[in-house]
Trainee: 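Encoded as structure tokens, here's the structure I'll be asking about.
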Number of protein chains: 2
Amino acid sequence: MAKPIKNCPIDQTLQVISGKWKAVIIHVLLENPVCRFSELQARLKNCSRRMLALQLKELERDGILTKRVYPTVPATTDYSLTERGKQLKPIIDSMQSWGE
Amino acid sequence: MAKPIKNCPIDQTLQVISGKWKAVIIHVLLENPVCRFSELQARLKNCSRRMLALQLKELERDGILTKRVYPTVPATTDYSLTERGKQLKPIIDSMQSWGE
DNA sequence: CCGTATCCAAGTAGATACTG
DNA sequence: CAGTATCTACTTGGATACGG
């Protein structure tokens, strides 16, 4: 009962979604299952290209989303949630409810 | 449908709980409704006194918890969640489930 | 179009010492 | 006991320029 925490499941989850733009990215992808890089950028008004790329890379690394690259010229990419990513929906939803 | 986000409810919530130790503090207070400063410190093994004080001060400012000070010598204090703070339970709980 | 590399300014957090 | 003050090292993120 007096166990020290941190690195508990709660923090695992927080690490994954608490990047500056991550929760919002997940939210967008829950509503729009497939998004191109430029679509995401358009929706996240103040998020720089650099930041967006960073956040997406981390989300991909953590198994939350999948990136597909099409060998067109110029290159196009799109992003969509994995199953594990979709399971974040209850959390994002309750965060939205609480925030109102 | 193409509205830019950020500063949406999701982010409001994230701001409140995503401090380095905040989610864990809330979790502890959900299980132990009244905690003294030293109790919290004991449970958050790697959290310095300074950090704990900072996080608590922000949580108090955001209306998540209430601080009571008893004019004993030496001073003692305790912390407990507000109603609004208690309403974070579904979020913390689902974060815990997901993290496992 | 979709990034990456570099530089730099600002913010953040630990260590330590002090206070009512 | 429960903090605050200060100093410093580390991290973060914006601006800009370049690359496939």
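Below, chains carry the letters A, B, ... as their sequence lines are ordered, and counting in each starts from 1.
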Trainee: Take A:Trp21 and A:Leu54 through the test side chain to side chain contact (heavy atoms under 4.5 Å, CB included) and record every step on the way to the result.
Mentor: CA-CA 10 Å; A:Trp21 294 90; A:Leu54 273 171; over 6 Å; no
Trainee: Given side chain to side chain contact (heavy atoms under 4.5 Å, CB included), test B:Arg68 with B:Val34 step by step and report yes or no.
Mentor: CA-CA 10 Å; B:Arg68 276 180 305 190; B:Val34 178; 4.2 Å; yes
Trainee: If I take atom CG from residue A:Leu59 and atom CD1 from residue A:Ile17, how far apart are they, to the nearest 0.5 angstrom?
Mentor: 10.5 Å
Trainee: In sequence, state the C-alpha distance, the side-chain angles, and the governing distance for B:Ile64 and B:Glu60, and then conclude on side chain to side chain contact (heavy atoms under 4.5 Å, CB included).
Mentor: CA-CA 6 Å; B:Ile64 306 305; B:Glu60 190 187 7; over 6 Å; no
Trainee: Output the distance between atom NZ (A:Lys89) and atom OG (A:Ser94), rounded to the nearest 0.5 Å.
Mentor: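 Between atom NZ of A:Lys89 and atom OG of A:Ser94 there are 10.0 Å.
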Trainee: Take atom CG of B:Asp78 and atom P of D:dG3, then tell me their distance rounded to the nearest Å.
Mentor: 10 Å
Trainee: Starting from C1' on D:dA2, measure out to CZ on B:Phe37 and report it in whole angstrom.
Mentor: 6 Å
Trainee: Calculate the interatomic distance between A:Lys57 atom NZ and D:dG13 atom P; express it in whole Å.
Mentor: 15 Å
Trainee: From OH of A:Tyr79 over to P of C:dC1, roughly how many Å is that when rounded to an integer?
Mentor: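 My rounded result for the distance is 14 Å.
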Trainee: Below 4.0 angstrom from OP1 or OP2 of D:dA2, is there any side-chain N or O of B:Lys67?
Mentor: no
Trainee: Indicate for each nucleotide in nucleotides 13-20 of chain C, in 5' to 3' sequence, whether protein heavy atoms under 4.0 Å reach the base (B), only the sugar-phosphate (S), or nothing (-).
Mentor: BBB-BB--
Trainee: What's the CZ-P distance between B:Arg68 and D:dG3, to the nearest Å?
Mentor: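 Taking CZ of B:Arg68 and P of D:dG3, I get 14 Å after rounding.
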Trainee: How close or far is atom P of D:dG14 from atom CD of A:Gln41, stated in whole angstroms?
Mentor: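 To the nearest whole Å, that distance equals 12 Å.
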Trainee: According to a strict under-4.0 Å criterion, is B:Ser38 in side-chain N/O contact with OP1 or OP2 of D:dA2?
Mentor: yes
Trainee: Taking CG from A:Leu52 and P from C:dC2, how many angstroms apart are they, rounded to a whole number?
Mentor: 10 Å
Trainee: Can you give me the closest heavy-atom contact between B:Ile10 and A:Ala23, atom names plus distance?
Mentor: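 B:Ile10 and A:Ala23 have their closest heavy atoms at CG2-CB, 3.7 Å.
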Trainee: For B:Glu39 and for A:Cys47, locate the closest nucleotide of DNA chain D by heavy-atom distance; then report the residue assigned to the nucleotide nearer the 5' terminus.
Mentor: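 Result of the comparison: B:Glu39.
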Trainee: Mind listing the closest non-hydrogen atom pair of B:Arg84 and A:Trp98 along with its distance?
Mentor: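 It is NH2-O, 3.1 Å.
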Trainee: Does A:Thr72 put a side-chain nitrogen or oxygen below 4.0 Å from OP1 or OP2 of C:dC1?
Mentor: no
